[in-house]
Amino acid sequence: MKKEKIQAPKGVSEYVPPASREFEWVRDGLITPARLAGYSLMELPVFEDTQLFTRGVGESTDVVSKEMYTFEDRGGRSITLRPEGTAGVMRAVIEHNLDRGQLPIKVWYSGAFFRAERPQAGRFRQFYQVGIEAIGIDDPAIDAEVIAIADQGFKSLGLKRYRLEITSLGDSASRAAHRIELDNFIATLDLDEATSARAKINPLRLFDDKREEMKKMMAKAPLLMDFLSQESRAQFAEVQEHLNRLGIAYVLNPHMVRGLDYYTGTTFEFIHEDLGAQSGIGGGGRYDGLMEQLGGQSLSGIGFGLGVDRALLAAQAEGVVPKDSFTSDLFVIPLGEKAKSEALLLAAQLRNRGHVVEIAFGERALKGAMKAADKSGSKYVVVLGDTELASGSVELKEMSSGVSKSVTISALHEALSTH
RNA sequence: GUGGACGUAGCUCAGCUGGUAGAGCACCCGGUUGUGGUCCGGGAUGUCGCGGGUUCGAGCCCCGUCGUUCACCCCA
């Protein structure tokens, strides 16, 4: 009887060779700018106490109300697979008392996140993000740096067809004043049931409606931008000045709506043009009350999350993914058991000196092994047979030209290095 | 969660108005003794996503299910 094939759960993104090289390239490229800016790794659990997200992200958000993977563990605790990264970082900062040390706390993370959504292109139930958080200093210059780091991540991949949108959500007083006006305005509109339900949860959502008639209706709605306090306004202006100076292109989007409740002040999104409906490749912003909300000190923070899966799709759409990003330096083909043992030793020695060395395993014919060497992208091949073992010198074959020359085994390292 | 489309060898796909499956690429072997990328010859592979139904007979029709995909909601 044939066993049923077990499949991956619905909607997960997974990467296997050779395509996984592309994923690796994107993920590393996105996070490198943060490391260059002195951010340190924070490796956190993928599951947390459910309350962390209900309290931190906000119960009214879609993410919390209908997209969380929540279950009970054996001890009866309510556990949730993390739907985003910031709340977990806050929890860890508080738990490890990092907020009592040097500020700002600057950390980066990379890993899997989970949302129980209906999957589609660019949207998965398990997906990958890299992100950073800068906590404890409220300075427009940090806002600009955080945005610049994200932008640099995308730029380093060679992406061009994306735009950065920014806005300011102001302080809580600004938002409260605006909310009253906006609610009043919305009350004058004739909305269908679903839409007015959305408006009750978060009236800002209506700004994001894709229907033309809604856009028309909302055109005259009061903008949060116009309700910003003097201070918020000044800070946001400063952020923009910094971005201008850095030569980072952006567009102001006073209609921007983010899905997480904790954002305040400077808020931004990166949108790619070739991705269809799921066009956001990254986003973030300032979150002034979050830390306190989670039981920590009253420290402000700012951060971003970048979608690795989507950035990869964007890179593929733009055709900027490098080919053959991985090649070996040397492919050793042993002939016979004695040679195999010798090949293991030789490979180990060369690897110790930093060379990427592969070995042909199994009992395939030399011809087959050569084919394998060819496909590995190895620059050189060495055949290790009785002749070589006896003489102590090998034929070092350059694959691109087909030319080979004789070198002693001990001189292999040097020969590889000089090429 | 709502609506539409799709699901055939590892990959990309073909399969006429229903008569029990094919191509290209990839893969494996060989083209004389230990040398790849080209060329030539040969070869394996699918219970046509899964389950049920209609039919003398289904990859082609119907239903369900799983998965994928596109849009909505929302978001990375």
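Just so it is clear: chains get the letters A, B, ... in the order the sequence lines come, proteins before strands, and each one is counted from 1. Because the structure is a prediction, the values reported are computed rather than measured.
Taking atom P in both rC29(B) and rU35(B), one finds a spacing of 15 Å when rounded to whole Å. For the C1' atoms, the distance from rG57(B) to rA21(B) is 16 Å, rounded to whole Å. Separating the C1' atom of rG22(B) from that of rG46(B) is a span of 11 Å, rounded to the nearest Å. Using P as the reference atom, rC56(B) and rG18(B) are 16 Å apart when rounded to the nearest Å. Straight-line distance between the C1' atoms of rG67(B) and rU8(B): roughly 15 Å, to the nearest whole Å. Taking atom C1' on both nucleotides, rU2(B) is separated from rA58(B) by 32 Å, rounded to a whole Å. The separation of rA76(B) from rC11(B), taken at their C1' atoms, amounts to 29 Å, rounded to a whole angstrom. A gap of 11 Å separates the P atoms of rC25(B) and rU38(B), to the nearest Å.
For rA58(B), there is no paired base (Watson-Crick or G-U wobble, both distances below 3.5 Å). Under the Watson-Crick or G-U wobble criterion, with both distances below 3.5 Å, rG18(B) has no partner in any strand shown. Both distances falling under 3.5 Å, in either a Watson-Crick or a G-U wobble arrangement, place rG7(B) opposite rC66(B). Pairing for rC72(B) goes to rG1(B), judged as Watson-Crick or G-U wobble with the two contacts each under 3.5 Å. rG43(B) is paired with rC27(B) under the criterion used here, namely a Watson-Crick or G-U wobble arrangement in which both key atom distances are under 3.5 Å. The base-pairing partner of rU38(B), taking Watson-Crick or G-U wobble contacts with both distances under 3.5 Å, does not exist among the strands shown.
At most 12 heavy atoms of other shown residues, nucleotides or ligands fall within 6.0 angstrom of atom NZ in Lys338(A). Atom CG of Asp386(A) sits in a sparse spot, with 12 or fewer heavy atoms from other residues, nucleotides or ligands closer than 6.0 Å.
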Output a table of nitrogen or oxygen pairs between the protein and nucleotides 63-68 of chain B separated by less than 3.5 Å.
from: rC66(B); atom 1: O2'; to: Gln7(A); atom 2: OE1; distance (Å): 3.4
from: rU68(B); atom 1: OP1; to: Gly11(A); atom 2: N; distance (Å): 2.8

Which pairs, protein N/O on one side and nucleotides 41-45 of chain B N/O on the other, fall under 3.5 Å?
none

Fill in the blank from the handout: Whether each nucleotide of nucleotides 27-35 of chain B has a protein heavy atom under 4.0 Å at its base (B), only at its sugar-phosphate (S) or at neither (-) is summarised, 5' to 3', as SS--B--BB

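Applying a 4.0 Å cut-off to non-hydrogen atoms, the residues of residues 261-283 of chain A that approach RNA chain B are Gly276(A), Ala277(A), Gln278(A), Gly280(A), Ile281(A), Gly282(A), listed by residue number.
Under the 3.5 Å distance criterion, the side-chain polar atoms of Lys340(A) are matched with a main-chain donor or acceptor of Gly362(A).
Ring-plane geometry between Phe207(A) and His255(A) is classed as parallel, the angle between the planes falling under 30 degrees on a 0 to 90 degree scale with a further cut at 60. Taking the six-membered ring where the residue is Trp, Phe268(A) and Phe304(A) present perpendicular rings, their angle passing 60° and hence far from 30°.
In this structure, Ala121(A) reaches the sugar-phosphate backbone alone: every heavy-atom distance under 4.0 Å involves primed, P, OP1 or OP2 atoms, never a base. Contacts of Ser400(A) with the nucleic acid, taken as non-hydrogen atoms under 4.0 Å apart, include base atoms. Residue Arg258(A) is classed as a sugar-phosphate contact, given heavy-atom separations below 4.0 Å to backbone atoms only. Using a 4.0 Å heavy-atom criterion, one finds that Tyr128(A) contacts no nucleic acid atom at all.
The separation between His255(A) atom NE2 and rC74(B) atom P is 16 Å, rounded to whole Å. We find that NZ of Lys66(A) is positioned 14 Å from P of rC72(B), with the value rounded to whole Å. One can place CG of Leu260(A) at 11 Å from C1' of rC74(B), the figure rounded to the nearest angstrom. Rounded to an integer number of Å, the gap from Arg310(A) CZ to rC74(B) P is 14 Å. Between Glu117(A) atom CD and rA71(B) atom C1' there is a gap of 14 Å when expressed in whole angstrom units. rA5(B) atom C1' lies 14 Å from atom CD of Gln120(A), rounded to whole Å. In this structure, Met256(A) atom CE and rA76(B) atom P are separated by 11 Å, rounded to whole Å.
Taking Ser20(A) as the reference, Tyr15(A), Pro17(A) meet the side chain to side chain contact (heavy atoms under 4.5 Å, CB included) condition, with sequence neighbours excluded. Legend: residues meeting ring-ring contact (aromatic ring centres under 6.0 Å, His included) with Phe53(A), ordered by chain and number and at least two apart, are absent.
Ile281(A) contributes atom CD1, which lies 12.5 Å from atom CG of Asp309(A) (distance to the nearest 0.5 angstrom). Separating the CD1 atom in Ile132(A) from the OG atom in Ser40(A) is a distance of 11.5 Å, to the nearest 0.5 Å. With rounding to the nearest 0.5 Å, the separation of CG in Leu159(A) from CD in Glu318(A) is 5.0 Å. The distance from the CG atom of Leu396(A) to the OG atom of Ser404(A) is 8.5 Å, given to the nearest 0.5 Å. The distance from atom CZ of Phe124(A) to atom CZ of Arg310(A), rounded to the nearest 0.5 Å, is 8.5 Å. Taking CG of Leu330(A) as the start and CD1 of Ile359(A) as the end, the distance is 9.5 Å to the nearest 0.5 Å.
Between Asp329(A) and Arg353(A) there is no salt bridge, since no side-chain nitrogen of the basic residue lies less than 4.0 Å from a carboxylate oxygen of the acidic one.
If you check distances only, the side chain of Asp374(A) never reaches the base of rG37(B) with a donor-acceptor pair under 3.5 Å.
Residue Phe113(A) and nucleotide rA76(B) are not classified as a stacked aromatic pair, given the requirement of ring centres less than 5.5 Å apart at an interplanar angle below 30°.
When the nearest nucleotides of RNA chain B are assigned to Gly402(A) and Phe124(A) by heavy-atom distance, the more 5′-ward of the two goes with Gly402(A).
Taking 4.5 Å as the limit, every side-chain heavy atom of Ile166(A) sits out of range of all side-chain heavy atoms of Thr266(A).
Side-chain atoms of Gln126(A) and Tyr128(A) include a donor-acceptor pair closer than 3.5 Å. Looking at Tyr162(A) and Asp274(A), their side chains never bring a donor and an acceptor atom within 3.5 Å of each other.
Phosphate proximity of rC74(B) to Arg198(A): present, with a side-chain N or O under 4.0 Å from OP1 or OP2.
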